[in-house]
Number of protein chains: 2
Amino acid sequence: MAPTRLSPPDLLAILEDRGYRITGPRRDVVRLLERKGEGFGAEQLCGELPSVGRATIYRTVRLLLEAGILCKLALPNGAPKYTLARFDHHHHTVCTQCGTVGDFRDSTMERLMRAIGAEIPGQIVGHRLEVYITCQGCLDR
Amino acid sequence: MAPTRLSPPDLLAILEDRGYRITGPRRDVVRLLERKGEGFGAEQLCGELPSVGRATIYRTVRLLLEAGILCKLALPNGAPKYTLARFDHHHHTVCTQCGTVGDFRDSTMERLMRAIGAEIPGQIVGHRLEVYITCQGCLDR
DNA sequence: CAATTAATGATACAAAGTATCACTAGATGG
DNA sequence: CCATCTAGTGATACTTTGTATCATTAATTG
């Protein structure tokens, strides 16, 4: 299963395919996100896009989450961060020093979920994994 | 490595060992927690213990988190839940239907972290894993 | 181009938690 | 045992992250 890369230009099309209108504000938000990709906060987007209302930014972020275009992850203290989903199924590394978000896929994870599935009663419907690191840059510095 | 079970009666002693005073309110909170164990919310504790101030409940929860007595976990929507840490290192299953929290240990997890550590630059300092399930009870029902 | 419907933005609100600060209660030393 | 000192408490205000409401505006569709 090769990682599926999502090209930024397709992002609006994905929203359109889901039956949403392509509006000015949505275009603005998506355009801003295309220039990001690293971890960012929703409130930060509001600051960088003052022409779009806060509610609309949060609404658009929610749509992109539901569409799988964005991922929401949590720092160790629980603070939320968003990141562009570059692959269809992946997990994140978050540097606890500088906040940089990376991602990885690991087949061991699939095996882990199968192993857990065999151990517990009930049916696995999803999971969340965050790996907290000190990134190479922060180690060097 | 056998799971280390923490006996509820020791909880106050753990706080004392960490240099905290054993006070009335802390005793009340710990006593309430001993009768729980399943997932619960902080605000819920406030409702069940109106004689203790909200700030003190949140402060005590924070102390217990730092002491490793409580775990904080997140539902799929990000809503926080707390649970008593019955083992020294473990992860959680959360039923998305009824909210019941379970826990498990899995050596595959340790292997997974080693595999990821070899793949990424930087140093792993921690991780968070939540497994979302439909529990047996909800499957039957 | 008019009518319809989705989307927007301002605002209020909600949930979860932290900061402040005057006051209280444990600990400690004489 | 009392005075003192410091940690802890509770009321309250505030912060952060998001959602609900609702009148207005902009896309779509016939």
Side-chain angles (χ1 to χ4, degrees), chain A residues 11-33 39-67 70-83 94 99 128 130, chain B residues 11-33 39-67 70-83 94 99 128 130:
Chain A
L11 299 189
L12 281 174
I14 292 175
L15 283 188
E16 200 165 25
D17 287 348
R18 295 174 72 95
Y20 299 113
R21 292 181 182 172
I22 303 307
T23 65
R26 285 182 181 158
R27 214 183 294 272
D28 293 346
V29 171
V30 167
R31 209 176 282 147
L32 175 60
L33 292 182
F40 50 86
E43 217 60 39
Q44 179 188 343
L45 298 180
C46 297
E48 295 174 15
L49 215 50
S51 63
V52 178
R54 211 173 77 96
T56 296
I57 291 197
Y58 274 94
R59 277 188 286 242
T60 305
V61 163
R62 182 156 29 112
L63 290 188
L64 295 171
L65 275 176
E66 284 163 8
L70 286 185
C71 294
K72 181 175 183 174
L73 49 97
L75 302 186
N77 64 10
K81 273 216 158 195
Y82 297 91
T83 189
V94 187
R128 169 204 296 267
E130 257 99 78
Chain B
L11 299 189
L12 282 174
I14 293 175
L15 283 188
E16 200 164 26
D17 287 349
R18 294 174 73 95
Y20 298 113
R21 292 181 182 171
I22 304 307
T23 66
R26 287 182 182 158
R27 214 183 295 273
D28 292 346
V29 172
V30 167
R31 210 177 281 148
L32 174 60
L33 292 182
F40 49 86
E43 216 61 37
Q44 180 187 343
L45 297 180
C46 297
E48 295 174 15
L49 215 51
S51 62
V52 177
R54 211 174 76 98
T56 296
I57 290 197
Y58 273 95
R59 278 188 287 242
T60 305
V61 163
R62 180 154 31 110
L63 291 187
L64 294 171
L65 276 175
E66 285 164 7
L70 286 185
C71 294
K72 181 177 185 173
L73 50 97
L75 302 187
N77 64 8
K81 272 217 158 194
Y82 298 91
T83 188
V94 187
R128 169 204 298 267
E130 258 99 78

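Chain identifiers are assigned alphabetically (A, B, ...) following the order of the sequence lines, protein sequences preceding nucleic acid strands; residue numbering begins at 1 within each chain.
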* Structure fact -> Those residues at least two apart in sequence (or on a different chain) that pass side-chain contact (heavy atoms from CB on, under 4.5 Å) with N77(A) are L75(A), A79(A)

* To do: Please list residues of residues 15-25 of chain A whose heavy atoms come under 4.0 Å from any atom in DNA chain C, ordered by number; otherwise none.
  => Y20(A), R21(A), T23(A), P25(A)

* Asked: End-to-end bend of the helix from dC1(C)-dG30(D) to dG30(C)-dC1(D) (five-pair axes, 10° rounding)?
  ->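 Both end axes considered, the difference amounts to 30°.
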
Filtered N/O pairs between nucleotides 19-25 of chain D and protein, under 3.5 Å:
none

* Asked: Which pairs count as salt bridge (Lys or Arg N to Asp or Glu O under 4.0 Å) when at least one residue sits in residues 13-24 of chain B, sequence neighbours excluded?
  ->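 Found none.
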
* Return each pair, listed once, that meets salt bridge (Lys or Arg N to Asp or Glu O under 4.0 Å) where at least one residue sits in residues 70-81 of chain B; pairs must be two or more places apart or across chains. =>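 Not a single pair qualifies under salt bridge (Lys or Arg N to Asp or Glu O under 4.0 Å).
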
List for me each residue that meets side-chain hydrogen bond (donor to acceptor under 3.5 Å, both in side chains) alongside [X], sequence neighbours excluded, and say none if there are none.
X: E66(A); answer: none
X: T56(A); answer: R59(A)
X: R26(B); answer: none
X: Y58(B); answer: E43(B)

* Asked: What are the 5'-most and 3'-most nucleotides of DNA chain C lying under 4.0 Å from any heavy atom of chain B?
  -> dA16(C) to dG26(C)

* **Rounded distance (Å) that lies between atom C1' of dT9(D) and atom CD1 of I57(B)** =>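 Result: 12 Å.
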
